[in-house]
Peer 1: 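After the structure tokens below, expect a handful of questions from me.
Both ligands and their constituent atoms are indexed starting at 1 by order of listing. This structure is a prediction, so every number in the text was calculated from the model and none was measured.
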Amino acid sequence: MTFDPLDWAAFAAVGRSMVDDMAGHLATLRERPAWQPVPAEVREALRQGLPREGQGLETCYEEFRRLVLPYTNGNIHPRFWGWVQGAGDPHAMLAALLGAGLNPMSAGFQQSAPLVEERVIAWMVELMGFPADASGVLSSSGTMANLLGLAVARHARAGFDVREQGLCGQPPLTLYCSVEAHGWARRSAEMLGIGNRHLRRIPVDALFRMDLNELRAEIRADRASGFQPFCVIGTAGTVNTGAIDPLEEMAELCAGEGLWFHVDGAFGALARWSENLAPLVRGIERADSLAFDLHKWGSLPFTCGCTLTRHAEEHRAAFALERPYMAPTERGVLAGGVPFADLGIDLTRGFESLKAWLCFKTHGFNAQAAMIEQNVRQAQRLAALVEASPELELMAPVSLNVVCFRYAAADAGGLDALNQEILLRLQESGRAVISSTLIRGRFSLRAAHVNHRSTDADFDELVRAVIEIGKDLT
Ligand SMILES: Cc1ncc(COP(=O)(O)O)c(C=O)c1O
């Protein structure tokens, strides 16, 4: 018995029609709603029992087309700017096919997959301005990429062997991020045993950037009280407003204080790919560790996060294990060992790097940079449209690609509830998908733009739709 098809030619024909259908689907996205809810009958149809008997590829594919394909969350649509979700590059769909076909175990071994990942990491090191001997690894997400960076920081700066001893009986480690930092920081403090209460949230200035006087004061107070500060987290592109912390000053402060400087650049770090935008994130190249996603502004399909650190030795030391069943050999399949398994948590790793390698080589980084510039220009244009519309109010300065605004032509007391209703009606209309957040406690609509399919006209439609819905409701 085998899972290989009995008839390879018939199998390939189904595969070809899948590629044809998906290309057709992507080419006609504009003709469909940006999002539609999953109908009750589709939910019911998907609630199937255990398929003990095989149903065949054609039947499953027909079900996929009917029950799965139309009901995704919409991020591939040209008018989707909800949360920070990349639209996906169709070329990576082909890379995923090739990668899954080859199915190499990509932790290392003497084979092509780790060489491809090494190349992708080397490109990222160069683009981010890190030293050529910096170390890096791809992982599943921004959350994971940041967690890995913080794990290296903890290992390098705890002042004791944290892997061996754990944190029990040691002075409590503290670390610092702004109040605008993403939830990954809390998740990481919890997972690394540091504890949420030891993650200090530092207030921000009028541009939502960390206030460094407050940071200095907090570090001083912690030291005086017997805590052990070890790491400062800067954000390049906050999730709420796209604000960029004063990275250069933070790097300076960390060097002076002997603290590890970690930067979460989940999407904002990619501004450095553009010569014109790179000054916005100046200082990122001085980070001890940097995490970012290629599935956000890099447009790779989910999922692909990346961690870089200038401390290659410490990176390996934070994770390396001896594995008698995988001891490196001089020759043979295992020659070179499994280096990527020693740079993160996963042992078995897929061939995600192929998506990055194929897309970035196909387009070139000049085009990737031009796309990021296009998105920033469109975000600024959206902000200008908001400011030119008497019904709308801009809720935060636009630092990069995130525009926070709301419908404000109504009684100020009810604006939070009104905008929540506008948001839901807009999504349900299928005209566009944006999301929301709180800006200084006030409900705000939020468009986070990492979409390579959007045109200026798409943003005109967004503004029109929000005003129309707002007028209908008031
Ligand atoms: C600034 C920032 N950091 C971290 C993350 C987490 O990334 P992921 O969702 O890939 O885990 C996000 C997600 O939007 C983000 O915006």
Side-chain angles (χ1 to χ4, degrees), residues 73-75 80-88 92 124 128 137-151 175-192 199 201-202 204 207-210 231-245 247 250 262-272 280-281 284 287 289-308 344-346 352 355-356 372 375-376 379 396 398-404 433-439 444 446-451:
N73 69 306
N75 56 307
F80 184 102
W81 309 288
W83 305 276
V84 194
Q85 300 178 3
M124 296 304 127
M128 293 303 175
V137 65
L138 298 182
S139 61
S140 55
S141 66
T143 298
M144 181 59 89
N146 277 300
L147 170 70
L148 296 184
L150 231 52
L175 72 167
Y176 307 80
C177 63
S178 90
V179 291
E180 291 290 305
H182 187 274
W184 74 264
R186 174 182 179 153
R187 170 69 49 86
S188 299
E190 292 171 0
M191 299 292 293
L192 293 170
L199 174 64
R201 274 76 166 188
I202 308 296
V204 291
L207 295 177
F208 298 92
R209 302 173 308 184
M210 188 190 282
C231 174
V232 174
I233 300 167
T235 304
T238 59
V239 64
N240 283 325
T241 68
I244 299 162
D245 282 335
L247 303 176
M250 292 173 83
H262 174 82
V263 175
D264 169 20
F267 58 94
L270 272 67
R272 208 177 186 286
L280 292 176
V281 291
I284 218 170
S289 53
L290 167 66
F292 51 95
D293 274 315
L294 296 175
H295 63 215
K296 291 188 168 74
W297 231 346
S299 293
L300 298 189
F302 305 130
T303 59
C304 192
C306 180
T307 312
L308 302 181
I345 295 171
D346 293 324
E352 297 307 304
K355 297 188 298 191
I372 286 166
N375 288 172
V376 170
V398 177
S399 310
L400 204 57
N401 60 336
V402 179
V403 183
C404 291
V433 174
I434 54 174
S435 56
S436 66
T437 190
L438 291 181
I439 301 290
S444 173
R446 169 171 161 276
H449 182 24
V450 288
N451 192 328

Peer 1: Quick check: do R209 and D245 have side-chain heavy atoms less than 4.5 Å from each other?
Peer 2: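 Yes - at least one pair of side-chain heavy atoms lies under 4.5 Å apart.
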
Peer 1: K296: heavy atom below 4.0 Å from ligand 1, yes or no?
Peer 2: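 A heavy atom of K296 does come that close to ligand 1.
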
Peer 1: Using a 4.0 Å heavy-atom threshold (strictly under), name the region of S141 that reaches ligand 1: side chain, backbone, both or neither.
Peer 2: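 Near ligand 1, S141 shows its backbone as well as its side chain.
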
Peer 1: Which residue supplies the protein heavy atom nearest to atom 6 (C) of ligand 1, what is that atom called, and how far is it?
Peer 2: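 Answer, as residue, atom name and distance: H182 CE1, 3.4 Å.
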
Peer 1: Treating N375 as the side-chain partner and N451 as the backbone partner, does any N or O pair qualify as donor plus acceptor under 3.5 Å?
Peer 2: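 A pair under 3.5 Å: yes.
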
Peer 1: At less than 4.0 angstrom from any non-hydrogen atom of F267, what atoms of ligand 1 do you find?
Peer 2: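 Checking each atom against F267, I get 16 (O).
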
Peer 1: Counting C-beta onward and ignoring hydrogens, is there a side-chain heavy-atom pair between M210 and I233 closer than 4.5 Å?
Peer 2: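 With C-beta onward as the side chain, the pair stays apart.
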
Peer 1: I want to check something: taking the side chain as every heavy atom from C-beta on, are L150 and L175 in contact at a cut-off of under 4.5 Å?
Peer 2: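 L150 vs L175: side chains touch.
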
Peer 1: Among protein heavy atoms, which lies nearest atom 3 (N) of ligand 1, and at what distance?
Peer 2: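 The protein heavy atom lying closest is D264 OD2, 2.7 Å.
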
Peer 1: Quick one: does H295 get a heavy atom under 4.0 Å from ligand 1?
Peer 2: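 Contact present.
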
Peer 1: Give, for atom CG of L147 and atom OG of S141, the distance between the pair rounded to the nearest 0.5 Å.
Peer 2: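 Between atom CG of L147 and atom OG of S141 there are 8.5 Å.
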
Peer 1: Can you list the atoms of ligand 1 that are under 4.0 Å from a heavy atom of T143?
Peer 2: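 Matching atoms, with element in brackets: 6 (C), 7 (O), 8 (P), 11 (O).
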
Peer 1: Going by atom types alone, do H295 and T303 pair a side-chain donor with an acceptor below 3.5 Å?
Peer 2: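 Result is no, nothing qualifies.
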
Peer 1: Side chains of R446 and V239: does their closest heavy-atom pair fall under 4.5 Å?
Peer 2: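 A side-chain contact under 4.5 Å exists here.
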
Peer 1: Within the 4.0 Å heavy-atom shell around W184, which atoms of ligand 1 are there?
Peer 2: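 Heavy-atom distances to W184 below 4.0 Å select 3 (N), 4 (C).
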
Peer 1: List every atom of ligand 1 that sits less than 4.0 Å from any heavy atom of G237, numbering the atoms from 1 in the order shown and giving each element.
Peer 2: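 Answer, ordered by atom number: 1 (C).
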
Peer 1: Give a yes/no on ligand 1: does G305 have at least one heavy atom closer than 4.0 angstrom to it?
Peer 2: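 Distance cut 4.0 Å: G305 fails for ligand 1.
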
Peer 1: Polar contacts were defined as any N/O atom of the residue lying under 3.5 Å from an N/O atom of the ligand; does this apply to G142 and ligand 1?
Peer 2: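 Such a contact does occur with ligand 1.
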
Peer 1: Pick from N240, T241, T238: which one makes a side chain to side chain donor-acceptor pair (under 3.5 Å) with E180?
Peer 2: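 Option passing the side chain to side chain donor-acceptor pair (under 3.5 Å) with E180: N240.
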
Peer 1: Using a strict 4.0 Å cut-off to heavy atoms of D293, name the atoms of ligand 1 that fall inside it.
Peer 2: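 Ligand 1 atoms under the 4.0 Å threshold to D293: 7 (O), 8 (P), 10 (O).
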
